[in-house]
Number of protein chains: 2
Amino acid sequence: MRMNGTGATKDRILDTAESLFMEHGFEATTLRALTSAAGVNLAAVNYHFGSKEELFEAVLTRRLDPMNQARVELLGRFEADASPRPLDSERILAALLIPALGLARDRERGGKDFLRLLGRAYADPAPFIRHFLSEQYRPMIVRFKAAFARALPQLPPKELSWRLHFIMGALSYTLAGTDALKLIAELAPNESADDEVLLRRLAPFLLAGLTAPLPPADTVARRREASPRALATVAARSAR
Amino acid sequence: MRMNGTGATKDRILDTAESLFMEHGFEATTLRALTSAAGVNLAAVNYHFGSKEELFEAVLTRRLDPMNQARVELLGRFEADASPRPLDSERILAALLIPALGLARDRERGGKDFLRLLGRAYADPAPFIRHFLSEQYRPMIVRFKAAFARALPQLPPKELSWRLHFIMGALSYTLAGTDALKLIAELAPNESADDEVLLRRLAPFLLAGLTAPLPPADTVARRREASPRALATVAARSAR
DNA sequence: GTATGATTCAAACATGCGTATGAATGGAAC
DNA sequence: GTTCCATTCATACGCATGTTTGAATCATAC
C-alpha cells in the first residue's frame, strides 16, 4: 500500500487523460504529452493501467457507469411515482437527460470535459471504443426502450428504435459541441448558463421528434397525410 | 500532361482514401496502407496532394462542395416555386436532406462511404478538420437559417440556431451510423432499403423538433405551459 | 530519334510512438 | 534498523509513421 500526498498518480492520470482525450481525440493524444501534463513519469500509465487503450476505457467507465446507473434509477423512481399509471414519455426523456445534466453541472472540474469526450467517443471508428461503448450502454438502452414502448404504444417498435437513435445522435453531438456551435450560428456571448440551458432547449426538441406523426407507410407514399408526405413528393419532383 | 490507362493515380488515391478514412478515421489511416490498397506508390500521395492533411481536405471537398451547392440551389428552386408565398419549413428541410440522400443513392461506389466519413469528420477534434468543415458549411448554413427564420417567424433566432444545431447533430450522427445502430436496437435484418428509409424516418422527426413549442421562458419556469415545463419541474424535484 | 517534363519508383530519413526494463526510492511492518 | 514491496524514474527498444530524395520511366513534342 501507499499513501501519496494529495492526489494519487492514478487519479492525476485519469483527470489529465479525460481532458486531453477530449481535446485531441484518442489517437492524437500521446502518452508523453499526457504524462508530462499530469506531472507523472511516462511509464506510470502502463504501470497503473496496462496500456493506452485500457486507460481510455478506465476514463470512460469512471463516469459513464455511474451516469447510466443514475439514469436507470431515476427512471425507476419516476415509474414508481406514476404507478399504477404508465410513465409519460416526457419524464422518461427527463430521466435520460437529467443525469447528463447533473454530470455537466455538479463536478466543477472535468464533468463537462467528460461529456464532450463521450460525444466524440460515440463517433470514433476505433473498434475497441465502439465495442466498449456498446457494451456499456446496452442495458440502459434496453431499459429505456421498454419504457418508451409502454408510453407510446401506437409507435411501432422499429420506428421507436430509429427515434431513439436520432435522440442519442442529437444528444451526443450536442454534448460534444463547443466548436460546432460556431458552425451553426453566432450564439451571442452568453455561453455562461450553457449546459443547463442547452438541455432545456434540447428536451422539447427531442420530445416533439419522439412523438411526431408516423412517416408514410410504404416505399411509395400512398396515403395523403399532410406533414410527412411532402418530402417524398418533393424528392420525386426534384429528380432531374 | 499524361494520360494513364483508365483511372488516374490521383482518382484512385481519392477513392481509396475516402473508403479508408471512413473505416478507420484520419489518424488511424496510414499512407502505407492507403497507397498499397490503391495500388500506387507510397510517394504518390505527397506528390499529388502535398500531404496527408491536404489529401483529406481534397477527399472532403470533392463531394461536400457539390452537395452543399445542390442544397442551396434546391432551396432556391423551392422558394421560386412557392413565390410569392414564403416557403414552408418542411420543404426547407427537404432541400437540406434530399442532396444528402441523392449522394447516398446515386453514386454506386463511394457515396455512402462518404456520408459516413463526413459524419465522422464532424466529430473529429483535429483543428484543421474543424476549421475546414466550418468554412465549407458556413454559406450553406447561413442561407438555410435565413430561410427557416422566414418560415418560422415566431421562433426566436437563438432558438432557431439551437434547433439547427440539433438537426445537424442528429443528421450527421445518423449518417455516420452503421455500428451505432446495433447499439440502439436490433433493427431487424432488412437493412436493405437503408438510406432512403432512414431519411424518410428522420425527416418527420426533425420537422417535429423544429416546430416544437417553445421551452419555458426564463431560468426558472414561470409559465404553466403543458409540455416543456415538466423537465425543469422534475429536475428540481429530483435534486437530492 | 532525341529532348523534355511530368510521373513513378525503391529506398532512405528523421522522428515520434507505445511499451519494456532494471535500478532507485521511500513508507510500512516487524 | 532492516526487510519488503509498491511505486517512481531514466532510459532504451523495436517499430511505424509522414515525408524526402534522386534515379528510372514513360508519353509527348519537336
Side-chain angles (χ1 to χ4, degrees), chain A residues 1-60 117 121 124-129 131-132, chain B residues 1-60 117 121 124-129 131-132:
Chain A
M1 287 289 167
R2 183 77 182 292
M3 226 166 59
N4 205 344
T6 63
T9 302
K10 217 167 167 176
D11 286 330
R12 217 126 41 96
I13 292 178
L14 281 173
D15 290 340
T16 311
E18 185 169 87
S19 159
L20 288 188
F21 282 149
M22 177 272 292
E23 200 170 346
H24 305 114
F26 175 74
E27 301 271 4
T29 299
T30 73
L31 290 187
R32 282 170 174 79
L34 199 162
T35 51
S36 126
V40 304
N41 189 271
L42 168 61
V45 167
N46 288 275
Y47 176 77
H48 285 287
F49 297 94
S51 70
K52 189 186 178 187
E53 289 196 358
E54 288 169 281
L55 168 62
F56 187 81
E57 295 183 358
V59 168
L60 256 53
L117 168 60
D124 200 303
F128 88 94
I129 294 180
H131 177 264
F132 175 82
Chain B
M1 287 288 167
R2 184 79 181 295
M3 226 167 60
N4 203 345
T6 63
T9 302
K10 219 168 166 175
D11 285 330
R12 217 126 41 96
I13 292 178
L14 281 174
D15 290 340
T16 311
E18 185 169 88
S19 159
L20 288 188
F21 283 150
M22 177 272 293
E23 199 170 347
H24 306 115
F26 175 74
E27 300 271 3
T29 300
T30 73
L31 289 186
R32 281 170 176 80
L34 199 162
T35 51
S36 130
V40 304
N41 189 271
L42 169 62
V45 167
N46 289 275
Y47 176 78
H48 285 286
F49 297 94
S51 69
K52 189 186 177 187
E53 290 197 357
E54 287 170 281
L55 167 62
F56 187 81
E57 295 182 359
V59 168
L60 255 53
L117 168 61
D124 200 302
F128 88 94
I129 293 180
H131 176 265
F132 175 81

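All values reported here derive from a predicted model rather than from experimental measurement. Protein chains get the first letters and strands the later ones, always in sequence-line order, with residue 1 at the start of each.
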- Item | pair A:T35-A:I13: side-chain heavy atoms closer than 4.5 Å | no
- Would you check if A:V40 and A:L34 make a side-chain contact, meaning some heavy-atom pair closer than 4.5 Å? no
- In whole angstrom, give the distance that lies between atom CG of B:L34 and atom P of D:dT17. 12 Å
- Please confirm whether A:K10 makes a cation-pi placement over A:Y47, using NZ or CZ under 6.0 Å from the six-membered ring centre and within 45° of the ring normal. no
- Rounded distance (Å) that lies between atom C1' of D:dT8 and atom CG of A:L42: 12 Å
- Does B:T30 put a side-chain nitrogen or oxygen below 4.0 Å from OP1 or OP2 of D:dA16? no
- To the nearest angstrom, how far is A:F56 atom CZ from C:dT19 atom C1'? 20 Å
- Query: Pick the nucleotide of DNA chain C nearest each of A:A33 and A:A43; which residue has the one closer to the 5' end?
  - Reply: A:A33
- Could you check how far NZ of A:K52 sits from P of C:dC17, rounded to whole Å? 9 Å
- Item | Rounded interatomic separation in angstrom, taking CG from A:N41 and P from D:dA10 | 6 Å
- Non-hydrogen side-chain atoms of B:R12 and B:D15 separated by less than 4.5 Å: no
- Spacing of B:N46 atom CG relative to D:dG22 atom P, expressed in whole Å: 16 Å
- Message: Looking at B:T9, I'd like to know whether one of its side-chain N or O atoms comes within less than 4.0 Å of OP1 or OP2 on C:dT8.
- Response: yes
- Item | B:Y47 OH - D:dT25 P separation (whole Å) | 17 Å
- Atom pair distance, as rounded to whole Å: CG in A:L31 and P in D:dA12: 20 Å
- Can you find a heavy atom in the side chain of A:F128 that is under 4.5 Å from one in the side chain of A:F56? yes
- Query: Hey, does the side chain of A:H48 come within less than 4.0 Å of D:dT8's phosphate (OP1/OP2), counting only N and O?
  - Reply: yes
- Task: Would you classify A:T29 as touching base, sugar-phosphate or nothing, given that sugar-phosphate means primed atoms plus P, OP1 and OP2, and contacts are heavy atoms under 4.0 Å?
- Result: sugar-phosphate
- Message: From the set C:dG18, D:dT19, C:dT21, return the single nucleotide nearest to any side-chain atom of A:R32.
- Response: C:dG18
